Number of protein chains: 2
Amino acid sequence: MNAEPGFAPNVLAAECPSRQVLKHLTSQWGVLVLLALQEGTLRFSALRRRVGGVSERMLAQTLQVLEGDGLIRRTAHQVVPPHVDYALTPLGQEAALRVAALTGWIEENLPAFLGTRT
Amino acid sequence: MNAEPGFAPNVLAAECPSRQVLKHLTSQWGVLVLLALQEGTLRFSALRRRVGGVSERMLAQTLQVLEGDGLIRRTAHQVVPPHVDYALTPLGQEAALRVAALTGWIEENLPAFLGTRT
DNA sequence: CGGGATACTTACCAAAATGTAGGCACTTCC
DNA sequence: GGAAGTGCCTACATTTTGGTAAGTATCCCG
């Protein structure tokens, strides 16, 4: 399909916009949120409980960034006790796959890492 | 082999040591260094030129962290104009594969990301 | 012999990331 | 009525990250 960028995206180039996306995706909490949402839609406080150690502030901020990149979809139900849920978009699901591949590999090889440190 | 951890590594848990490894691997410069070294051994200044926008300070720091995690191997040749090269260890190569899968996907889908932002 | 390259380190400083604490508006549960 | 839960936001403080500049020792190039 078309795709005539005039330039090839390259993360090794400082000016490439892909750098920003990379930064968002690989941010401390970005990775974990993607991972948590891979299992299904979650609401704010459930997400907060799922992702160990995240503060409300950082969770809210991270969610906004990821939503801005089109990776997650935020749905607010106008009911009295606020009810909002977050889910991955198709794009987000693809991203989550790659992220999960990385984190899964880390978990599997954790002994190897712990071993290198005496 | 054996593998009776007594606990399952889980990045979603705040106390899990895998969190540290994840942080190193997904750090701004960590990702890019892994990527750059995937193509082959490089020496310090070549690496610096390869990774756009990195400062000497951050490159040196990043290399030390990744070396500490056993992802890269540093080899210093004791010659008068200093000559040091950096290469991926087998563990580092596996990590680089996953990281490259993520960055490659980002580069391919960059138009989709740029599109979400009006 | 001055300038540049090599591979760093250290000191100093600015900027970004992140945590803490409190507020808001309203409901339900006890 | 009072406490807790919901989904945030804002202000303030601290921690981490990252940049700049300079120093080090030695060699090669012109």
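All values derive from a computational prediction rather than experimental measurement. These numbers come from the heavy atoms of this one structure, side chains and all, not from hydrogens, waters or symmetry mates.
Between the side chain of E107(B) and the backbone N or O of V11(A) there is at least one donor-acceptor pair closer than 3.5 Å.
Rounded to an integer number of Å, the gap from H77(A) NE2 to dC8(D) C1' is 16 Å. The nearest whole Å value for the distance from the CG atom in L59(B) to the C1' atom in dA7(C) is 10 Å. Between the P atom of dC8(D) and the CD atom of E67(A) lies a distance of 9 Å, rounded to the nearest Å. Atom pair Q78(B):CD and dT6(C):P shows a separation of 17 Å (rounding to whole Å applied).
Note on ring orientation: taking the six-membered ring where Trp is involved, the planes of F113(B) and W105(B) are perpendicular (angle over 60°, cut-offs 30° and 60°).
OP1 or OP2 of dC8(D) lies within a sub-4.0 Å distance of a side-chain N or O belonging to R74(A).
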Restricting both atoms to N or O, compile the protein contacts to nucleotides 14-18 of chain C shorter than 3.5 Å, with distance only.
residue, atom, partner, partner atom, Å
dT18(C), O4, R57(A), NH2, 3.0

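Position along DNA chain C of the nearest nucleotide to A60(B) versus R49(B) favours R49(B) as the more 5'-ward residue. Between P81(A) and H83(B), the one whose closest nucleotide on DNA chain C sits nearer the 5' end is H83(B).
Closest contact between the side chain of E56(B) and the listed nucleotides dC9(D), dT6(D), dC8(C) involves dC8(C).
Pairing analysis of DNA chain D (Watson-Crick: purine N1 to pyrimidine N3 plus N6-O4 or O6-N4; G-U wobble: N1-O2 and O6-N3; both under 3.5 Å) yields stems of 3 or more pairs at C:1-30 with D:1-30.
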